[in-house]
Amino acid sequence: MRNITIAGILVASSFTYSSLLFSQTDTSHVVVERITQLVLGDSDTVRVNRREFEAQLDLIQTWTRTNRESFEYSSDSTGGYPYERTAILERLFADSSSYTIRRSELQNLVQRYRSWQTLVAARSDFYDQIVVKTVGQLEFEQPEVERDLKCYAQAFHAVFVASAIVDTLAIWKVGEALKINEWSRDMRRVRRGSVSNLLEQLRRAIHGLGRTATVACAPSAYIQRVSILADSALSRFSHDYVNNSTDPYLLLSDSVKQGFKEVITSLGARSQDIEETTEKINALLHRVSLYPKGLTTRHRILSLIFSIEPSVIYNDEWLGSRGSLLREWLQSADLNRAVELDTILPRSNGGFDVALVVQSPNQKVDGRQLLAYIREQVSERLFWKTVNLLGTAPDRLRIHLWADCASLSLYYAQGDIQQGGFACMSGYAEANIDFIDRSLLQRAVTQPSRISVVSNQPDFSQLLYAAVIEQLRIRGVSVERQVQRIKVDNNQVIFRIENLRSEVIRNESYWENIQFILRIRRSPSGSITLACITDGQFGTGIVVGPLNRPPAYHDYRNMEPRFSRQLQSYTSEFLQRIRDTLRSR
Amino acid sequence: MTQTAFKNRLGITLVMTHFAIILYTLGCYFAHGFHFDELTTSISLMAPLFASYTTVIIRDMLQETIVVNDRPANSALVFITFFLVSAFGIYLFVLVSVKAFNLGFGEFDQFKILLAISETVFGVYIGQIISSTYKGGEGVQPAPQNQEDPSKLASPSLGSP
């Protein structure tokens with residue numbers, strides 16, 4: 001718990017530093033050039049007087065404030081800003097009222113001045129939002145820690161206060177559950193605030209560095225990337241402000257300089273801990289998610305801190321493999337390879353936003369026609385396939401298709417229609433037209449892989465799940481170890497069976513995982529229609545005596561399209577068996 | 001063990017070991033321990049080293065050589081050579097088994113990388129042994145063109161002057 005909290009603090013501080021320092025690079029050269037142009041014009045040197053130059057410094061501050069998008073900067077709350085301003089003015093003018101300045105010298109000054117402002121603003125933001133409010137909840141057991149905390153805060157708030165908190169936490173014993181919960185809530189709030197404020201800036205920074213544009217909000221990927229950025233930012237920070245700066249207010253003494261270097265070293269080392277800890281958490285939560293009853297209070301708190309839903313796996317590699325499978329399916333679907341996966345963006349609630357781009361195969365077919373075709377032919381299959389691949393609840397998935405200026409959104413609209421289920425929303429340009437596509441539902445009911453059962457049972461979904469379990473037991477499946485119940489509600493039963501042998505692909509001995517979505521639709525007459533959608537994966541592995549280990553999670557492959565026929569046949573048989581079981585009851 | 005015997009036994013052991021490993025990998029594929037693309041990748045990693053050894057060994061064996069002064073082989077060299085070859089064979093066998101029985105690798109790429117590294121590292125060791133043993137080593141000399149057959153010297157044909 002303590003390590004996780006420390007990691008959270010460091011990540012929050014990393015957010016602030018990395019994003020601010022990188023955000024400076026986006027526009028700094030523009031500002032520097034404009035200031036230089038204003039002061040020097042076309043000449044290389046100019047003689048400036050002190051009062052005019054002070055006005056230019058104010059101008060720099062104004063521009064900096066304008067260019068910062070999600071950040072309130074106030075010079076009143078930043079005690080360091082006048083020091084740098086005074087230092088620059090004293091260095092240039094000393095006792096005289098004018099100074100001949102060169103272009104390169106001016107550019108350097110402006111650049112450093114902007115960097116200083118950014119840094120001071122970062123310190124102020126960090127101190128005001130995080131340190132003051134969270135430290136107040138801790139009980140210091142050693143008074144010197146508190147003294148050091150104040151001392152550090154005066155010297156250099158952001159980094160040293162982070163260090164002091166780390167030191168404090170090192171001696172802070174885990175208290176009552178109430179304190180933990182308060183701490184967790186604060187951490188979540190800080191984290192949410194950091195993410196919402198700085199995510200866009202971070203995206204730009206990463207894009208500017210040539211990194212992948214798919215910045216997942218998932219904690220694992222996010223923290224890893226942020227720690228990389230934080231390392232980079234701290235390196236720059238160390239170089240610029242410790243080795244090169246001559247500002248007397250920054251480097252108060254040799255001990256402060258030494259302390260700062262130690263903090264940097266410490267932060268660098270701890271950033272690795274963050275990655276390792278996050279990996280452990282994700283692995284733990286994944287394991288726990290397989291056995292929900294084993295979820296302890298500690299696990300719940302961990303998941304709360306990182307806003308992780310235990311039933312969702314946040315892992316970059318996992319997401320990439322799911323994306324590959326979806327791409328494969330899109331290529332195998334009857335779409336003339338017109339649809340391509342663009343991004344899969346995890347949402348904080350455990351859901352996903354999936355963006356697909358529809359490219360016209362020729363000039364004669366425009367985007368609206370393509371989207372209309374997709375909506376009619378494959379939208380439902382596409383939606384449920386994506387639900388299966390991402391392992392998320394249907395109501396947490398949104399698929400956005402883009403074609404030229406037309407768009408189509410697919411989502412699960414529970415409660416919007418009587419039957420409950422699948423819905424489409426289409427739009428064109430900015431004039432969205434919302435409607436519920438009932439024809440899809442109508443057609444879905446009439447498809448052959450669906451069966452009708454007349455039932456007056458009010459809790460049919462539970463009955464259905466019990467029938468499924470009974471069938472699986474008959475088939476020799478160990479329900480406790482192999483069956484994972486994902487969701488059972490009035491409209492659907494979702495579960496997953498793992499580590500099967502030769503169940504779907506019967507003439508081959510592969511390991512198999514199958515995920516079932518049983519959708520329940522009730523008609524006004526009382527009949528219930530079941531629709532079964534299955535998604536299967538298979539993996540290799542020889543079984544001889546006690547050597548019967550299934551392959552690792554990443555080593556499974558999608559059954560489709562190679563074994564589509566077997567999967568369809570198995571699904572039909574499964575539905576028949578379920579119907580027989582239900583009728584016998 | 002003489003040097004000639006050592007050379008022959010080493011050659012046979014190397015070829016048989018590698019051939020057995022490739023056959024074992026094929027067997028694992030038929031028992032669904034590998035996908036087809038995994039099989040081809042594995043064999044393509046094993047085959048080059050196997051082919052290079054086999055080529056050198058068979059070429060050497062095909063040469064008509066007469067061994068004179070076949071001295072005993074260095075016992076330490078014999079031990080370390082057979083130890084390395086055996087260890088390599090066992091190692092490959094274990095590696096393929098671990099993957100085929102899902103005992104240790106998270107994904108095929110891990111197996112592939114480890115196999116490639118192993119082939120490279122062991123290839124250096126065994127390559128040294130092969131090159132020194134099968135490339136004009138001491139005690140192995142080509143048959144002289146003008147030397148008479150020793151058997152004729154021992155039992156001259158009847159009727160000769």
Side-chain angles (χ1 to χ4, degrees), chain A residues 220 276 279-280 282-284 286-287 290 313 315-325 328 481-482 498-513 536-563 566, chain B residues 16-50 86-120:
Chain A
S220 171
E276 291 174 5
E279 286 297 322
K280 286 177 185 173
N282 284 332
L284 177 71
H286 174 48
R287 198 163 60 246
L290 299 178
I313 308 159
N315 184 297
D316 232 8
E317 192 177 353
W318 176 86
L319 205 58
S321 67
R322 299 290 96 179
S324 300
L325 291 175
E328 284 178 17
R481 286 187 301 163
Q482 292 178 266
E498 294 183 335
N499 305 334
L500 292 168
R501 285 288 288 187
S502 306
E503 186 74 14
V504 177
I505 312 166
R506 287 173 187 165
N507 51 350
E508 313 272 0
S509 49
Y510 287 117
W511 289 96
E512 296 163 357
N513 290 343
Q537 293 94 36
F538 71 104
T540 56
I542 303 173
V543 173
V544 177
L547 296 175
N548 58 352
R549 291 187 60 173
Y553 187 79
H554 297 292
D555 228 12
Y556 278 96
R557 297 185 178 186
N558 205 0
M559 284 184 186
E560 295 176 288
R562 188 176 164 193
F563 297 111
Q566 287 94 329
Chain B
M16 291 296 290
T17 303
H18 239 109
F19 196 64
I21 292 293
I22 289 177
L23 278 181
Y24 177 63
T25 310
L26 269 172
C28 286
Y29 163 70
F30 287 120
H32 293 104
F34 291 97
H35 293 292
F36 183 73
D37 55 336
E38 294 175 346
L39 170 78
T40 53
T41 305
S42 307
I43 290 184
S44 66
L45 286 171
M46 296 176 192
L49 198 65
F50 171 63
S86 308
F88 187 37
I90 293 169
Y91 175 77
L92 285 180
F93 176 79
V94 170
L95 206 63
V96 172
S97 300
V98 165
K99 173 67 186 81
F101 288 88
N102 292 323
L103 297 176
F105 294 109
E107 51 191 8
F108 179 72
D109 277 354
Q110 295 175 357
F111 167 75
K112 184 178 70 179
I113 292 167
L114 197 57
L115 183 61
I117 292 172
S118 312
E119 288 281 336
T120 308

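Residue numbers start from 1 in every chain, and the chains themselves are labelled A, B, ... in the order their sequence lines are given, proteins ahead of strands. Since the structure is predicted, the reported quantities are computational estimates derived from the model, not experimental observations.
Remark: Phe19(B) CZ is loosely packed, at most 12 non-hydrogen atoms of other residues, nucleotides or ligands lying under 6.0 Å away.
Counting heavy atoms from C-beta on, the side chains of Lys99(B) and Asp555(A) come closer than 4.5 Å. Looking at heavy atoms from C-beta onward, Thr540(A) lies out of side-chain contact with Phe108(B) at the 4.5 angstrom threshold.
Heavy-atom pairs under 4.5 Å with chain B were tallied for Leu547(A), Val544(A), Asn548(A); the largest tally goes to Leu547(A).
Taking the six-membered ring for Trp and thresholds of 30 and 60 degrees, His35(B) and Tyr510(A) have nearly parallel ring planes, at less than 30 degrees apart.
Heavy atoms only, all atoms of each residue included: Arg557(A) and Asp37(B) are closest at NH2-OD2, 3.0 Å. Shown here for Ser509(A) and Ala31(B), the closest heavy-atom pair between the two residues is OG-O, 4.2 Å.
In this structure, CZ in Phe34(B) is found 7.5 Å from CD1 in Ile542(A), a value given to the nearest 0.5 Å.
Contact of Phe101(B) with chain A is made through backbone and side chain together, with heavy-atom distances under 4.5 Å.
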